[in-house]
> 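Right, I'll just put the structure down here and ask away after.
Source: prediction; values computed, not measured. Note: hydrogens, waters and symmetry copies are ignored here, and every other heavy atom, side chains too, is used.
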Amino acid sequence: MCLTSRRLSTLISVDDAVALLADVFKRTMELEVVEERVLNALGRIAASDVTAGVDVPPFNRSAVDGYAVYAGDVVNASIYSPVELALKGVVSPSDKPPSECLERGEAVRVHTGSPIPCGADAVVMDEDVEASGSRVTVFKPVSPGQNVSRRGEDFSSGEVIVAKGTLLGPLHVAALSSIGVDKVWVYRRIKVGVLTTGSEVCEPGVDSECPTIVYNSSARLIAALLRSTGFIDVRYYGVFPDDPAVIGDAVVEAVSENDLVVTTGGTGVSEGDVLIDALAGVGRTVFRGVRMRPGRPTTLTLVEGKPVLNLSGYPVAAWTGYEAILMPAFKKWLGLGNLERPVVYARLARRTPNTVGYRSYIRVSLRDAGDMLVAEPYMLRGSGVLSSLLKSQGYIVIPENVEGFEKGDLVRVHLF
């Protein structure tokens with residue numbers, strides 16, 4: 001069998017792979033815009049800016065239970081020299097802002113959330129006041145604005161609350177709801193088919209016997225990661241044997257039902273790795289191999305004009321392809337502003353080498369050293385050791401032009 005299409009002769013950089021994949025997405029996918037209830041929009045991508053049509057809060061309101069006053073009236077109040085004010089009524093949180101203004105020497109009873117009447121500019125808390133009949137005695141001064149939530153201090157009318165390209169999370173749901181928005185325009189979910197190849201691989205729960213005891217974890221890992229984004233609709237197709245005709249037919253079927261197909265396995269250069277040759281018969285290769293570790297055999301193919309991203313069959317290498325290429329390509333294409341993993345800084349526990357020309361993704365475990373975090377590299381090799389992802393808390397990236405990081409270097413740790 002000819003190995004020409006399977007050879008890793010011309011590797012491209014990670015950045016070039018991301019740019020090529022994002023460009024393919026742009027040329028081959030059209031995402032319709034749909035209107036969705038805010039409560040159902042978690043994980044969806046905003047298709048337009050959403051601006052506030054109201055101020056939040058809509059008026060000055062009390063932040064505590066107490067008495068609204070003019071701060072100048074109580075500037076000298078103390079337990080030894082209390083100030084007495086006339087009580088002019090009660091304003092509840094459900095009331096509209098009073099039409100009558102507070103006069104000097106007067107106070108109004110308020111609760112948390114109550115509108116502050118004009119003329120008042122502060123609130124004295126309950127514990128600093130003694131009320132008796134129509135009089136209020138104040139024992140502590142307040143400054144202007146104290147214990148008052150100002151109109152528009154949370155959101156102001158006309159302010160962009162959610163920008164186009166935002167991946168909507170729980171806080172966005174709350175913010176949109178706070179300005180009275182119940183529906184939002186979002187992009188439809190991207191349809192992604194996931195399948196794996198390998199005659200030695202068994203599908204858990206499907207194959208009654210697995211003589212090789214090699215169960216499919218890589219494709220399931222990718223499917224789970226894609227589902228966790230919220231903006232992707234995953235169709236899982238299972239395991240297919242190392243038969244070029246069977247694999248080609250499976251990919252063509254998956255392509256017809258999805259915007260993108262992701263495969264795991266069969267990307268190597270041995271005689272048993274037939275995926276690349278099978279796809280060469282039904283499509284064309286965009287790039288074959290990336291200068292990164294792990295995940296070097298990662299390949300992009302076009303089948304019937306649609307992208308098929310071929311990831312390694314090893315779970316850690318497949319995860320690297322997802323993390324280093326697939327998600328950044330989505331981010332670049334859609335302009336996603338909040339798809340990044342959270343980052344912490346830590347001191348490296350030991351020297352971590354790199355092969356110049358390759359971008360390396362190193363799993364690390366973190367420990368608290370008192371005044372700093374320490375990152376311990378976890379298995380520099382072993383792209384098939386799934387437990388290394390489970391037992392680490394994040395990863396560091398060593399750039400292509402760096403021979404490695406030294407012990408004690410301050411590194412960015414991308415958290416899982």
Side-chain angles (χ1 to χ4, degrees), residues 1-9 192-226 234-258 260-290 293-304 306-322 325-326 381-389:
M1 180 179 291
C2 176
L3 299 179
T4 302
S5 64
R6 284 191 257 124
R7 287 184 182 141
L8 298 173
S9 56
V192 180
V194 179
L195 59 89
T196 195
T197 68
S199 298
E200 78 283 8
V201 180
C202 302
E203 185 69 14
V206 175
D207 299 320
S208 57
E209 294 184 4
C210 185
T212 62
I213 319 179
V214 177
Y215 290 103
N216 175 26
S217 60
S218 297
R220 289 186 168 209
L221 169 62
I222 298 303
L225 286 167
L226 290 168
V234 177
R235 297 185 183 187
Y236 180 71
Y237 293 87
V239 180
F240 295 87
D242 291 316
D243 182 318
V246 173
I247 294 172
D249 289 344
V251 170
V252 168
E253 179 184 356
V255 161
S256 70
E257 298 174 341
N258 298 279
L260 162 70
V261 174
V262 179
T263 69
T264 63
T267 58
V269 297
S270 70
E271 289 81 356
D273 293 311
V274 301
L275 173 70
I276 302 303
D277 282 339
L279 295 186
V282 295
R284 69 176 181 86
T285 302
V286 179
F287 62 76
R288 173 76 174 117
V290 182
R293 289 185 173 174
R296 188 169 68 113
T298 302
T299 300
L300 177 62
T301 310
L302 283 181
V303 176
E304 297 189 351
K306 292 184 179 179
V308 179
L309 183 64
N310 314 122
L311 304 178
S312 169
Y314 287 128
V316 180
W319 166 83
T320 305
Y322 169 92
I325 297 174
L326 183 53
R381 306 289 180 184
S383 59
V385 183
L386 182 57
S387 62
S388 66
L389 288 174

> Could you measure the distance from the OG1 atom of T285 to the CG atom of L300? Nearest 0.5 Å is fine.
8.5 Å
> How would you list, by chain and number, every residue that makes a side chain to side chain contact (heavy atoms under 4.5 Å, CB included) with T212, sequence neighbours excluded?
E200, C202, C210, V214
> Quick check for you: to the nearest 0.5 Å, what is the distance between L195 atom CG and T263 atom OG1?
6.0 Å
> If you count the non-hydrogen atoms of other residues, nucleotides and ligands that lie under 6.0 Å from CZ in F240, is the total more than 12?
yes
> List in chain and number order the residues that pass side-chain hydrogen bond (donor to acceptor under 3.5 Å, both in side chains) with T299, two or more places apart in sequence or in another chain; answer none if no residue qualifies.
R288
> Report yes or no: does D243 contribute a side-chain atom to a donor-acceptor pair with the main-chain N or O of A245 at less than 3.5 Å?
yes
> Roughly how far, to the nearest 0.5 Å, is the CG atom of L311 from the CD1 atom of I222?
5.5 Å
> For the atom pair CZ (F287) and CD1 (I325), what is the distance rounded to the nearest 0.5 Å?
5.0 Å
> Could you give the distance from CG (L279) to CG (L302), rounded to the nearest 0.5 Å?
11.0 Å
> Run the side-chain contact (heavy atoms from CB on, under 4.5 Å) check on K306 and V261 step by step: do they pass?
CA-CA 8 Å; K306 292 184 179 179; V261 174; over 6 Å; no
> Taking only residues two or more places apart in sequence, or in another chain, which ones meet V234 in a side chain to side chain contact (heavy atoms under 4.5 Å, CB included)?
V194, A223, L226, R227, I232
> Report the residues that fulfil side-chain hydrogen bond (donor to acceptor under 3.5 Å, both in side chains) with T196, sequence neighbours left out, ordered by chain and then residue number.
T264
> Under the rule for side-chain hydrogen bond (donor to acceptor under 3.5 Å, both in side chains), what residues qualify as partners of T298, not counting sequence neighbours?
none
> Listed by chain and number, what are the side chain to side chain contact (heavy atoms under 4.5 Å, CB included) partners of P294, not counting sequence neighbours?
V316, A317, T320, S383
> Would you list the pairs meeting salt bridge (Lys or Arg N to Asp or Glu O under 4.0 Å) in which at least one residue belongs to residues 212-225, sequence neighbours left out?
E203-R220
> Please report the interatomic distance CD1(I247) to OG1(T197), rounded to the nearest 0.5 Å.
5.0 Å
